[in-house]
Engineer: 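This structure is in structure tokens; I'll ask about it shortly.
Quick caveat: nothing in here was measured; it's all calculated off a predicted structure.
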Amino acid sequence: MDTSSHNISALFAQLGLPNNSDEIERFIESHRSLRKTEDLSAADFWNESQASFLREAIAEDSDWAEIVDQLDARLRT
């Protein structure tokens with residue numbers, strides 16, 4: 001069983017993105033433009049592997065789903 005911490009920093013690391021707080025905030029600020037009807041995983045700034053991970057996290061209601069939902073919300077404000 002995976003008992004690692006699933007926080008925003010861990011999610012960014014899982015996605016292969018810089019995961020320090022400044023880089024995370026910079027990413028969110030520069031990509032904060034998702035339309036209300038657009039799926040997070042369909043955004044054009046993800047590569048196929050990242051999009052697949054995000055889709056599966058939500059579809060399978062995995063341990064990552066909550067933090068993926070949080071990222072989704074932050075990218076829409």
Engineer: Asp61: which residues meet the side chain to side chain contact (heavy atoms under 4.5 Å, CB included) condition with it, sequence neighbours left out?
Structural biologist: Ala65
Engineer: Can you name the closest pair of heavy atoms from Ile24 and Pro18 and give their distance?
Structural biologist: CG1-O, 4.1 Å
Engineer: Which donor-acceptor pairs under 3.5 Å do side chains of residues 68-76 form with protein atoms, sequence neighbours excluded?
Structural biologist:
unit_1, atom_1, unit_2, atom_2, d
Asp72, OD1, Arg76, NE, 2.4
Asp72, OD1, Arg76, NH2, 3.0
Arg74, NH2, Glu25, OE1, 2.8
Arg74, NH2, Glu25, OE2, 2.5
Arg76, NH1, Arg35, O, 2.3
Arg76, NH1, Glu38, O, 3.2
Arg76, NH2, Glu38, O, 2.5

Engineer: Please report the interatomic distance OG(Ser49) to CG(Leu54), rounded to the nearest 0.5 Å.
Structural biologist: 9.5 Å
Engineer: If I compare all heavy atoms of Leu40 with all of Trp46, which pair ends up nearest, and what's the gap?
Structural biologist: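 Smallest interatomic distance, heavy atoms only, reads O-NE1, 2.9 Å.
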Engineer: Can you tell me how far the OG atom of Ser9 sits from the CG atom of Asn20, to the nearest 0.5 Å?
Structural biologist: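 Those atoms lie 8.0 Å apart.
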Engineer: Run Gln50 and Leu17 through side chain to side chain contact (heavy atoms under 4.5 Å, CB included) and show every step you take.
Structural biologist: CA-CA 10 Å; Gln50 292 165 329; Leu17 298 170; 3.6 Å; yes
Engineer: So do the side chains of Phe53 and Trp64 get within less than 4.5 Å of each other, counting heavy atoms only?
Structural biologist: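 A side-chain contact under 4.5 Å exists here.
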Engineer: Asp39 versus Leu34: any side-chain heavy-atom pair under 4.5 Å?
Structural biologist: no
Engineer: So, using ring pair (Phe, Tyr, Trp, His ring centres under 6.0 Å) as the criterion, who are the partners of Phe12 when residues are at least two apart?
Structural biologist: Phe27
Engineer: Tell me whether Ser30 contacts the main-chain N or O of Arg26 through its side chain, where contact means a donor paired with an acceptor under 3.5 Å.
Structural biologist: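 Side chain of Ser30 to backbone of Arg26, a donor-acceptor pair under 3.5 Å: yes, one is there.
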Engineer: List for me each residue that meets side-chain hydrogen bond (donor to acceptor under 3.5 Å, both in side chains) alongside Glu60, sequence neighbours excluded, and say none if there are none.
Structural biologist: none
Engineer: According to side-chain hydrogen bond (donor to acceptor under 3.5 Å, both in side chains), who are the partners of Asn7, at least two apart in sequence or on a separate chain?
Structural biologist: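 Scan of Asn7 (side-chain hydrogen bond (donor to acceptor under 3.5 Å, both in side chains), adjacent residues dropped) gives Ser5.
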Engineer: Would you please name every residue forming a salt bridge (charged side-chain N to carboxylate O under 4.0 Å, His left out) with Glu29, sequence neighbours left out?
Structural biologist: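 Glu29: salt bridge (charged side-chain N to carboxylate O under 4.0 Å, His left out) contacts with Arg32.
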Engineer: Apply side-chain hydrogen bond (donor to acceptor under 3.5 Å, both in side chains) to Glu48 and Ser52, showing your working.
Structural biologist: CA-CA 6 Å; Glu48 184 51 43; Ser52 178; 5.1 Å; no
